[in-house]
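Input: a single structure, listed below in C-alpha cells.
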Amino acid sequence: MNTVLQDGLGRTIDYLRLSVTDRCDFRCVYCMAEDMTFLPRQQVLSLEEIERLAALFVSQGVKKIRLTGGEPLVRRGIVELCAKISRLPGLRELVMTTNGSQLVRLAGPLAAAGVKRLNISLDCLDAEKFRAITRTGDLPQVLAGIEAARVAGFERIKLNVVVMQGRNADEVPGLVDYALARGLDISFIEEMPLGHVGRSRGETLCTSDQVRALISQRHQLLDSTESSGGPARYVRVAGFPQSRIGFISPHSHNFCANCNRLRMTAEGRLLLCLGQEHSIDLRGLLRRYPSTDQPLLDALHKALQHKPARHDFSANGDVQIVRFMNASGG
Ligand code: SAM
Ligand code: SF4
C-alpha cells in the first residue's frame, strides 16, 4: 500500500497513538489529579469503533499504531482488539505503552496477539516512593510484569521514566543499571504541563541534560544518531550494546520539526498536537456514518492541513493545556 499522509507543512504522518480508555488503576502525580472523573462509557469509543478507525488510518498510510491510555490493559477485550489491529494489511507494527500492572496475566497473550514492542512506565525502584508517585501502584507487581514481558518474546521493551526533582531524580542511576542488566531500553522524559495536577511542575522539572549528567557519573555515554522516528534522542552506554538510553525533552530540545504522529483520544477526538488544544471529533462522524468512510476521510485530510508547527509548552511548567495526559493518548 503506497498511500502517504502528509500534513500542511509537508511532514509525513505514519504513526497513530490510539487511546483505548481514559481510565487507569494508577493515579500518577504528573498525569492525574487525585480525584479524577472519567468519561461516561457511552462517550468512549467502542472496540469496534476503535478497530474501524485503526483500519481507516492504516488505509491512509499509517504504518505504526501505539495503543495507550489511560491504562490500555484495564480495557476489557484489549487482547482481541490487538489481534484484530495487528492483522491490518499495511500496518508495520502494533506497539503499546502500559504501566505494567497487568502484565503478569497479559504479557503472553499480548505478544501472541501481535504486539511487537512494549513501553513500560517505571519511575523508581523503591516501593514506597513508587506508591507515592503512582498513589495506588504496587512496585513488586510491576517488576513481576516486566519479567513476564521479558519471557513473552517482545522484540523490544523500553522503560519510560518521568523524572522529577525531589521525587525520583535520585533513582536515575539505579534505573539505568536495572535496564542495562536486562538488556532493556530506557527513556527519561521531562514532565509536560498537561492538566492541573495540584502542584507546580516548574519547581520539579529535571531537564534531560541534568539526567544525562547523573548517568555520566557512573557510565561512559556514547552519542548516537539513532532515531525511532519519535522525539527521543538516544545515547549508548559503553560495554552494554543491547540497551539504548533515550531522552524526551519537550522543554529543552524542541522536536516538532520531525513530528510524524497523530493522537486519538478515548472519546474519538483526533489531536493534531499533544501541546495544543485543537482537535476534531471523529466519534460524531463514526456514529453518523456507520457504513461509509468518506466523510471521515475528508475530515482527516482537512484537519491535517492545520497540524501546528510546534507545541506551546513553556519551561516554567504553567499549564496551557487543560487536558490531562491520560485523556490525551500519552
Ligand atoms: N498508563 C500507561 C503508562 O503509564 O505507561 C500509558 C499511558 S501514560 C499517559 C503514557 C506515558 O505518558 C507514560 O510513560 C507516562 O509516564 C507519561 N506521562 C504521563 N503524564 C505525563 C506528563 N505530564 N509529562 C510527561 N510524561 C507524562
Ligand atoms: Fe495511569 Fe499511565 Fe497516567 Fe500513570 S501515567 S496515571 S499509569 S495513565
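Start at 1 and go down the list; that is how both ligands and their atoms are numbered.
The side-chain contact (heavy atoms from CB on, under 4.5 Å) search around Thr37 returns none, not counting sequence neighbours.
Atoms of ligand 2 found under 4.0 Å from any heavy atom of Cys28 (numbered from 1 in listed order, with element): 4 (Fe), 5 (S), 6 (S), 7 (S). Those atoms of ligand 1 that come under 4.0 Å of a heavy atom in Ile189, given as number and element, are 25 (C), 26 (N). Close approach of ligand 1 to Thr68 (heavy-atom distance below 4.0 Å) involves ligand atoms 6 (C), 7 (C). With ligand atoms numbered from 1 in the order given, ligand 1 contributes 14 (O) to contacts under 4.0 Å with heavy atoms of Asn160. Ligand-side atoms of ligand 1 in range of Gly69: 7 (C), 9 (C), range being under 4.0 angstrom from any heavy atom. Under a 4.0 Å criterion applied to the non-hydrogen atoms of Val162, ligand 1 contributes the atoms 16 (O), 26 (N), 27 (C). Heavy-atom contacts of Met32 reach the following atoms of ligand 2: 6 (S) (cutoff under 4.0 Å). Taking every heavy atom of Glu191 and a limit of under 4.0 angstrom, the matching atoms of ligand 1 come to 23 (N), 24 (N), 25 (C). Close contacts of ligand 1 with Glu190, meaning ligand atoms under 4.0 Å from a residue heavy atom, involve 25 (C).
Within 6.0 Å of CD on Gln43 lie more than 12 heavy atoms contributed by other residues, nucleotides or ligands. Atom NZ of Lys84 has 12 or fewer neighbouring heavy atoms from other residues, nucleotides or ligands inside a 6.0 Å radius.
Between Pro193 and ligand 1 there is no heavy-atom distance shorter than 4.0 Å. Ligand 2 has at least one atom lying under 4.0 Å from a heavy atom of Gly70.
Note: an N/O pair closer than 3.5 Å links Ser121 and ligand 1 by distance alone. Distances between N or O atoms of Met192 and those of ligand 1 include at least one value under 3.5 Å. Taking distance alone, with nitrogen or oxygen atoms compared against 3.5 Å, Tyr30 approaches ligand 1 more closely than that limit. When only interatomic distances are considered, the shortest N/O to N/O separation between Gly70 and ligand 1 falls below 3.5 Å.
Checked by atom type, the side-chain pair Tyr30/Asp123 shows a donor-acceptor distance below 3.5 Å. Using modelled atom types and a 3.5 Å distance limit, the side chains of Ser279 and Arg269 yield a donor-acceptor pair.
Here Thr98 has backbone heavy atoms under 4.0 Å from ligand 1, and that is the only part of it that gets that close. Contact annotation for Thr97 and ligand 1: heavy atoms of both the backbone and the side chain come within less than 4.0 Å of the ligand.
In this structure, the side chain of Ser243 engages the main chain of Leu184 through a donor-acceptor pair within 3.5 Å.
Checking Glu93, Arg66, Lys63 one by one against Tyr15, the side chain to side chain donor-acceptor pair (under 3.5 Å) holds for a single residue, Arg66.
For the pair Arg117 and Phe154, the cation-pi criterion (under 6.0 Å, within 45° of the ring axis) is not fulfilled. The cationic group of Arg182 lies under 6.0 Å from the six-membered ring centre of Tyr178 and within 45° of the ring axis, placing it in a cation-pi geometry.
With 2.8 Å as the limit, Cys31 counts as an N, O or S neighbour of atom 3 (Fe) of ligand 2.
Looking at Glu171 and Lys129, a side-chain N of the basic residue comes within less than 4.0 Å of a carboxylate O on the acidic one, giving a salt bridge.
Other members of a hydrophobic cluster containing Val104 are absent, since no ILVMFWY side chain comes under 4.5 Å of it, directly or through relayed contacts.
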